[in-house]
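Written out below as structure tokens is the structure these notes cover.
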Amino acid sequence: LDAMGRTSVKLRRLMPVIARFANQDGGRVRLLYSKASHLHQPAAEERVLPGVQLLVKVPAYLKDLEKTYGTLAGNAAGVRFVIPETLTAKALSGVSLLATGSADYLQTPALAAIETWVAQGGTLWLTTPGLLADPWGKPHRGIAPAFLALLAAPGEHAYHNGRVVVDGNW
């Protein structure tokens with residue numbers, strides 16, 4: 001009985017390490033962080049941090065990103081962040097869901113990679129219509145108009161072998 005108890009304690013200490021190895025492949029769910037959307041969106045809410053006498057303004061984009069992360073965090077395999085600068089269709093290989101939250105601005109090459117990935121069978125989830133402009137606020141060039149139309153239309157839509165979901169409650 002004593003040996004079983006010691007083994008149990010040791011395994012509990014190793015659990016964080018074991019969990020990291022189990023998720024080494026990165027899981028099948030990604031959450032996109034768009035620095036451009038973060039910089040463009042104004043503060044929408046003020047929070048008082050617990051235990052600190054400090055009022056913090058939380059941008060609307062970060063609030064929605066946090067909510068989206070909370071929704072995805074229940075996934076047993078976990079969720080990983082992806083940034084536009086490293087986003088390619090190859091980097092999304094093996095990923096089944098890419099969530100963007102309420103990102104409005106994204107580099108055109110990153111959106112082109114997302115379009116290719118969705119066409120090959122991926123699911124893109126936006127909580128609000130978005131991703132319609134580059135970081136400088138200009139419309140994307142070289143992206144299929146049909147794909148851009150889906151990003152602006154609430155609901156669940158098929159796009160080649162994949163789908164685009166624009167729904168905050170999905």
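In this text, all values refer to a predicted model and were calculated from it rather than measured experimentally.
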What's the spacing between [X] [atom1] and [Y] [atom2] if we round to 0.5 Å?
X    : Y    : atom1 : atom2 : value
W136 : Q107 : CH2   : CD    : 6.5 Å
L132 : L148 : CG    : CG    : 6.5 Å
L126 : L98  : CG    : CG    : 8.5 Å

Keeping to residues at least two apart or across chains, list the salt bridge (Lys or Arg N to Asp or Glu O under 4.0 Å) pairs with something in residues 159-170. E156-R163

Quick one: salt bridge (Lys or Arg N to Asp or Glu O under 4.0 Å) pairs with a partner in residues 101-126, sequence neighbours left out? none

Side chain to side chain contact (heavy atoms under 4.5 Å, CB included) between H38 and L62: does it pass, once the steps are laid out? CA-CA 7 Å; H38 180 179; L62 290 184; 3.3 Å; yes

Mind checking what makes side chain to side chain donor-acceptor pair (under 3.5 Å) contact with [X], not counting sequence neighbours?
X    : result
T100 : none
T68  : none
H140 : T108
T116 : none

Using the test side chain to side chain contact (heavy atoms under 4.5 Å, CB included), find all partners of [X] that sit at least two apart in sequence or belong to another chain.
X    : value
L106 : L32, P84, A110, L111, I114, L131
K35  : Y33, L39
P154 : P129

Apply side chain to side chain contact (heavy atoms under 4.5 Å, CB included) to L72 and W125, showing your working. CA-CA 11 Å; L72 297 172; W125 175 36; 3.9 Å; yes

Decide yes or no on side chain to side chain contact (heavy atoms under 4.5 Å, CB included) for T128 and D64, but give the supporting numbers first. CA-CA 10 Å; T128 61; D64 186 63; 5.7 Å; no

Is a side-chain donor or acceptor of W117 paired with a backbone partner of V95 at a separation under 3.5 angstrom? yes

Are the side chain of T127 and the backbone N or O of G168 linked by a donor-acceptor pair below 3.5 Å? no

Kindly determine whether L97 and V79 satisfy side chain to side chain contact (heavy atoms under 4.5 Å, CB included), including the steps that lead there. CA-CA 10 Å; L97 175 69; V79 60; over 6 Å; no

Verify the cluster assignment for [X] and [Y]: are they in a single hydrophobic cluster under the rule of side-chain heavy atoms below 4.5 Å apart?
X    : Y    : answer
L31  : L124 : no
V118 : V166 : yes
V82  : V164 : yes

Per the side chain to side chain donor-acceptor pair (under 3.5 Å) rule, what does the pair list look like for residues 88-99, sequence neighbours excluded? none

Is there any ring pair (Phe, Tyr, Trp, His ring centres under 6.0 Å) pair reaching into residues 78-109, and which pairs are they, with sequence neighbours excluded? H40-Y105, Y69-F81

